[in-house]
Amino acid sequence: MRIPSRTSRASRTSRSSRSGRSGRTSRAVRTVPVLLAAVLALASCGDAGQDRPTGPEAGRTLTEGTWSVESLSVGGRTLEAPPQAEIKIGPGAAEADVAYGCNGGVAELSAEDDGRAVTVKQGPRTMTACPDLAFENAFADLFKGRLAVARTGDALTLTAPSGDRISLGSAPRPPAPTLTGTRWSVDSLITGETVSSVPAGAEGRAELTIAADGAVTGSLGCNRFSSKAVVDGREITFGPVAATRMACTGPAGEVERAFSALLRRGPLRYAVQDDALTLTAADGTGLRAKARTGR
């Protein structure tokens, strides 16, 4: 019988070991592409989902409805909007009615980049001289051309290539106060270029309300009064004043004397801006009143 040498057995063992390792290595190499393909497939599914953003990103489009203008950011300055400023977007977000302040206009809208941008082509707009004309002109200069659109909840921002932007909100603003139908509370007295708050202790004591038919009611400071007003353009004239006859002293009496004298000074120039009414006589005396809500 021939007995294999130890060298021959070692050689076979070595060949067998190399063969086993080679087989395992080959199978491992073949497995790697399969795993890599699976990982890439999962990543591809994730990327597909990114084409349909959710949450705040999903709302980066203009939608039909009325957007109130909150402010403009122009050249590093913030311009607060008058209450009337708004953009009313029509069906399909293809057009808009624009209230720049007291002037209005129309515009054509064209959405781009899946709603992340809009191109605005302005149409005609009115050109009345308004108290907030500087804001209106800045608004008109900014709301045109290609604007980036970003929306988070009820806030919408339109940004120009320069970085200047329009900030809007969808929550409706309270209606702007008007000369008639508003309860005006006197908070300041005017003498020439000087505007002074009413004396301490007289806050909220003097007020007036002008009805649509011109009837005027209110308080001079401590006495109730009534009158009749005639409005002619930007001027208002108060008729004879009927008032109660309580003796008034102190801060309330001081305001009452100034208020009573102003009502008798003939035609007064009036201006309503935001929530404030200013009445000014030809000699420069006058008052400022704030729109008052509630009791």
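A donor-acceptor contact shorter than 3.5 Å is absent between the side chain of Arg125 and the backbone of Val98. In this structure a side-chain-to-backbone donor-acceptor pair under 3.5 Å is present from Ser68 to Gly169. Checking side-chain atoms of Lys228 against main-chain N and O of Asp213 turns up a donor-acceptor pair under 3.5 Å. Under the 3.5 Å distance criterion, the side-chain polar atoms of Glu136 are matched with a main-chain donor or acceptor of Cys102. A donor-acceptor pair is defined here as one N or O able to donate and one able to accept, closer than 3.5 Å; such a pair exists between the side chain of Ser227 and the backbone of Gly239. Side-chain N or O atoms of Ser110 include none that pairs as donor or acceptor with a backbone N or O of Thr119 at under 3.5 Å. The main-chain N or O of Cys222 is found under 3.5 Å from a side-chain atom of Glu256 such that the two form a donor-acceptor pair. Of the possible polar contacts, one joining the Arg151 side chain to the Gly153 backbone as a donor-acceptor pair under 3.5 Å is found. With hydrogens and angles disregarded, a donor-acceptor distance shorter than 3.5 Å links the side chain of Ser219 to the backbone of Arg205. With hydrogens and angles ignored, the 3.5 Å screen pairs no side-chain donor or acceptor of Asp275 with any backbone N or O of Lys290.
When hydrophobic clusters are built by joining Ile, Leu, Val, Met, Phe, Trp and Tyr residues whose side-chain heavy atoms come closer than 4.5 Å, directly or via intermediates, Val198 is not grouped with Ile190. Clustering ILVMFWY residues whenever any of their side-chain heavy atoms sit less than 4.5 angstrom apart, transitively, puts Trp184 in the very cluster that holds Val231. Residues Val106 and Phe139 do not share a hydrophobic cluster, defined by chaining ILVMFWY side chains whose heavy atoms lie under 4.5 Å apart. Linking Ile, Leu, Val, Met, Phe, Trp and Tyr whenever their side-chain heavy atoms come within less than 4.5 Å leaves Tyr100 and Val272 in two separate clusters. Residues Leu133 and Val74 fall into different hydrophobic clusters, defined by Ile, Leu, Val, Met, Phe, Trp and Tyr side chains chained together at heavy-atom separations under 4.5 Å.
The environment of Arg165 atom CZ is sparse: at most 12 non-hydrogen atoms of other residues, nucleotides or ligands sit within 6.0 angstrom.
When side chains are defined from C-beta on, Leu268 counts as touching Phe238, because their heavy atoms get closer than 4.5 Å. Using a 4.5 Å heavy-atom cutoff, the side chains of Thr237 and Asp232 are not in contact. For the pair Phe135 and Val69, the minimum side-chain heavy-atom distance is below 4.5 Å.
Listed here is the closest heavy atom pair of Pro82 and Asp132: CB-OD2, 3.5 Å. Across all their heavy atoms, Asp113 and Arg146 have their closest contact at CB-NH2, 4.1 Å.
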